[in-house]
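Right, one structure below, let's go through it.
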Amino acid sequence: RANISALKELGCTHIIATTAVGSLRAEIKPGDLVILDQFIDFTRHRHTTFHQAFLPHKPLHAAMAEPFSGHLRQELIAASLDFDFTTHQRGTVITIEGPRFSTRAESRLFRLWGADVINMSIATEAALANEAGIPYAAVAMSTDYDSWEENTEAVTWQAVLEVFRKNTERVMALIERTISRLAARQSLRDKIRTVPNWPKPGIMFRDITTLLNNAAAFGQAIELLSENYHNTQIDLVAGIEARGFIIGGALAKLLGSGFVPIRKQGKLPAATIQENYQLEYGAGRVEIHADAFPAGSRVLVADDLIATGGTALAACNLIKQIHGEVVGCAFIISLPDLGGIQKLERAGYETFSLIEFAGE
Ligand code: AMP
């Protein structure tokens, strides 16, 4: 608690933790890295909250469904693609009290519970960072197979230390690359202007015109977006009217793909199909030309911003209706408090965004 609260006081904006873990899965080998996405807290004797008492009008129950920052995880995963060591893109850690290692029976139980790796530190720290409102992610370094497998030697401290030493360089390289990516994003974020109470009271409008008019920033934003799709075949980018045309057009040029406009009602000249949707400040309808592309085309959806996800989901539905395959949805900005990313992911669509505005 002292560490997290000191970081908070210092104005720390992100926490990337490292942790040595035992692997509970054959496929997570000693030496592999895991970007954790869930935890099970099996500690018993720790102070795991900053809330010591019920205080009037203070929220007490921190949301913990997604305990690790999606955005930080995305950055770590993107940075890991530049290296040739194995990085697992998700994993559940069970944090035990320690200091002893697990018995074979415990280790097997944790596997049944769905845990992938085991350690003695991360769950409580992640929970505290969440309470403190600091985005938190953790890179787990697999050092051993814990003790679930009868025919491997049970874990010893010497074995853990040996693999841990080898892993240190990898983790340092990964974190350095991640920090430089975060810095690039921060400088893009600083170029976006926020206009409060537009177009309606209560809306914080994120205006990208102040990013677009800067050649270097515009170029870098499109490059960072396109990087995410380097290994993906994309036939067409579908841009959503109007700012999605700017992002999608530039992205299509860089990816070497064609462009398809998804427009508001009544703008497309030939035969169309339509979808209705709700957004943060109203309702709308989007259309696509019924013959926009041949069936089976691989299409990337692009827009400036995802809020509730209504617009992007309607765009995905249009593409599916004319038998296109949605390979992903790319945005400059996401507003995680409005749940759009989850909405798209629940519907089975992969999403990628460069910058988050949360809690504002
Ligand atoms: P949604 O359908 O709720 O995800 O809304 C996304 C669409 O509405 C995008 O095309 C955005 O350009 C626009 N939008 C929604 N909220 C905002 C906002 N706070 N600032 C800027 N644009 C927004």
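Nearest approach of Ala217 to Leu188, heavy atoms of both residues: O-CD2, 3.5 Å. Closest of all the heavy-atom pairs between Arg100 and Met120 is O-CE, 3.3 Å. For the pair Pro67 and Gln38, the tightest heavy-atom approach, listed with the atom from each and the gap, is CD-NE2, 3.7 Å. The shortest non-hydrogen separation linking His14 to Cys12 is O-SG, 3.1 Å. When all heavy atoms of Val163 and Pro30 are compared, the closest pair comes out as CG1-C, 4.2 Å. Among all heavy-atom pairs drawn from Thr49 and Glu131, the shortest one is OG1-OE2, 2.7 Å.
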Pairs under 3.5 angstrom only: tabulate donor-acceptor contacts from the side chains of residues 321-336 to other protein residues two or more places apart or in another chain.
unit_1: Gln321; atom_1: NE2; unit_2: Glu275; atom_2: OE2; d: 3.0
unit_1: Glu325; atom_1: OE2; unit_2: Arg298; atom_2: NH1; d: 3.2
unit_1: Ser334; atom_1: OG; unit_2: Ser353; atom_2: OG; d: 3.4

Donor-acceptor contacts under 3.5 Å from residues 340-352 side chains, at least two apart:
unit_1: Lys343; atom_1: NZ; unit_2: Thr308; atom_2: O; d: 3.2
unit_1: Glu345; atom_1: OE2; unit_2: Thr351; atom_2: OG1; d: 3.2

Show me the donor-acceptor pairs, under 3.5 Å and distance only, between side chains in residues 244-270 and residues at least two apart or in other chains.
unit_1: Arg263; atom_1: NE; unit_2: Glu241; atom_2: OE1; d: 3.0
unit_1: Arg263; atom_1: NH2; unit_2: Glu241; atom_2: OE2; d: 3.2

Mind running side-chain contact (heavy atoms from CB on, under 4.5 Å) on Leu236 and Ile234 for me, showing each step along the way? CA-CA 6 Å; Leu236 294 149; Ile234 292 170; 5.7 Å; no
Would Arg46 and Glu97 count as a salt bridge (charged side-chain N to carboxylate O under 4.0 Å, His left out) if you check the C-alpha gap in whole Å, the side-chain angles of each, and the deciding distance to 0.1 Å? CA-CA 8 Å; Arg46 301 184 195 182; Glu97 186 61 51; 3.2 Å; yes
Please determine whether side chain to side chain donor-acceptor pair (under 3.5 Å) holds for the pair Thr95 and Asp41, giving the CA-CA distance in whole Å, both sets of side-chain angles, and the decisive distance to 0.1 Å. CA-CA 5 Å; Thr95 299; Asp41 182 4; 5.9 Å; no
Take Ser107 and Ile118 through the test side-chain contact (heavy atoms from CB on, under 4.5 Å) and record every step on the way to the result. CA-CA 9 Å; Ser107 199; Ile118 180 164; 5.9 Å; no
Please step through side-chain contact (heavy atoms from CB on, under 4.5 Å) for the pair Arg170 and Asn167, ending with a clear verdict. CA-CA 5 Å; Arg170 292 176 171 185; Asn167 270 342; 3.9 Å; yes
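Judged purely by atom type and a 3.5 angstrom limit, Arg111 uses its side chain to pair as donor or acceptor with the backbone of Leu24. Although no hydrogens or angles enter the test, the distance criterion places no donor-acceptor pair under 3.5 Å between the side chain of Ser297 and the main chain of Val299. Under the 3.5 Å distance criterion, the side-chain polar atoms of Arg73 are matched with a main-chain donor or acceptor of Gln89. Side chain of Asp116 to backbone of Thr92: a donor-acceptor contact under 3.5 angstrom is found. Counting only distance, with no hydrogens or angles, the side chain of Thr210 and the backbone of Arg193 share a donor-acceptor pair below 3.5 Å. Between the side chain of Ser80 and the backbone N or O of Ile77 there is at least one donor-acceptor pair closer than 3.5 Å. One N or O on the side chain of Arg25 and one on the backbone of Ala115 form a donor-acceptor pair closer than 3.5 Å. With hydrogens and angles ignored, the 3.5 Å screen pairs no side-chain donor or acceptor of His289 with any backbone N or O of Ile273.
The closest side-chain heavy-atom distance from Phe205 to Lys200 is not below 4.5 Å. In this structure, Glu227 and Arg181 have side chains that are in contact, with non-hydrogen atoms separated by less than 4.5 Å. Side chains of Leu182 and Gln186 form no contact here, defined as non-hydrogen atoms less than 4.5 Å apart. You'll find the side chain of Phe357 stays beyond 4.5 Å of the side chain of Met204, heavy atoms only.
Taken from OG in Ser5 to CD in Glu9, the straight-line distance is 5.5 Å, to the nearest 0.5 Å. A distance of 12.0 Å separates CG in Asp37 from OG in Ser69, rounded to the nearest 0.5 Å. Expressed to the nearest 0.5 Å, how far OG1 of Thr13 lies from NZ of Lys8 amounts to 11.0 Å. Taken to the nearest 0.5 Å, the CD atom of Glu75 stands 9.0 Å off from the CD1 atom of Ile16. With rounding to the nearest 0.5 Å, the separation of CZ in Arg44 from CD1 in Ile96 is 8.5 Å. With rounding to the nearest 0.5 angstrom, the CG atom of Asn130 is 10.0 Å from the CD atom of Glu66.
The aromatic rings of Trp113 and Phe110 sit tilted, their planes meeting at an angle between 30° and 60°.
Residues Val171 and Ile179 share a single hydrophobic cluster, defined by chaining ILVMFWY side chains whose heavy atoms lie under 4.5 Å apart. When hydrophobic clusters are built by joining Ile, Leu, Val, Met, Phe, Trp and Tyr residues whose side-chain heavy atoms come closer than 4.5 Å, directly or via intermediates, Tyr277 is grouped together with Ile319. Placement of Val139 and Ile94 in two distinct hydrophobic clusters is found when ILVMFWY residues are connected by side-chain heavy-atom separations under 4.5 Å, directly or transitively. Linking Ile, Leu, Val, Met, Phe, Trp and Tyr residues whenever their side-chain heavy atoms come within less than 4.5 Å leaves Leu76 and Leu225 in two separate clusters. Note on Met141 and Leu72: same hydrophobic cluster, where clusters join Ile, Leu, Val, Met, Phe, Trp and Tyr whose side-chain heavy atoms are under 4.5 Å apart, directly or indirectly.
Heavy atoms from other residues, nucleotides or ligands lying under 6.0 Å from CG of Asn3 number 12 at most. Within a 6.0 Å sphere centred on CG of Asp84, other residues, nucleotides and ligands contribute 12 heavy atoms or fewer. Annotation: Glu27, atom CD; neighbour count of heavy atoms from other residues, nucleotides and ligands within 6.0 Å is above 12.
In the hydrophobic clustering, Ile28 connects to Ile4, Leu7, Ile15, Val21, Val34, Leu36, Phe39, Phe50, Met64, Phe68, Val93, Val117, Ile122, Leu128, Ile134, Tyr136, either directly or through intervening members, whenever side-chain heavy atoms lie under 4.5 Å apart.
Checking each of Asp207, Asp304, Thr209, Asp303 against Arg243 for a side chain to side chain donor-acceptor pair (under 3.5 Å) leaves exactly one that passes, namely Asp304.
Residues forming a salt bridge (charged side-chain N to carboxylate O under 4.0 Å, His left out) with Glu176 (at least two apart in sequence, or on another chain): none.
Residue pairs satisfying the ring-ring contact (aromatic ring centres under 6.0 Å, His included) criterion with at least one member in residues 215-236, sequence neighbours excluded, are absent.
A donor-acceptor pair shorter than 3.5 Å cannot be found between the side chains of Gln274 and Asn276.
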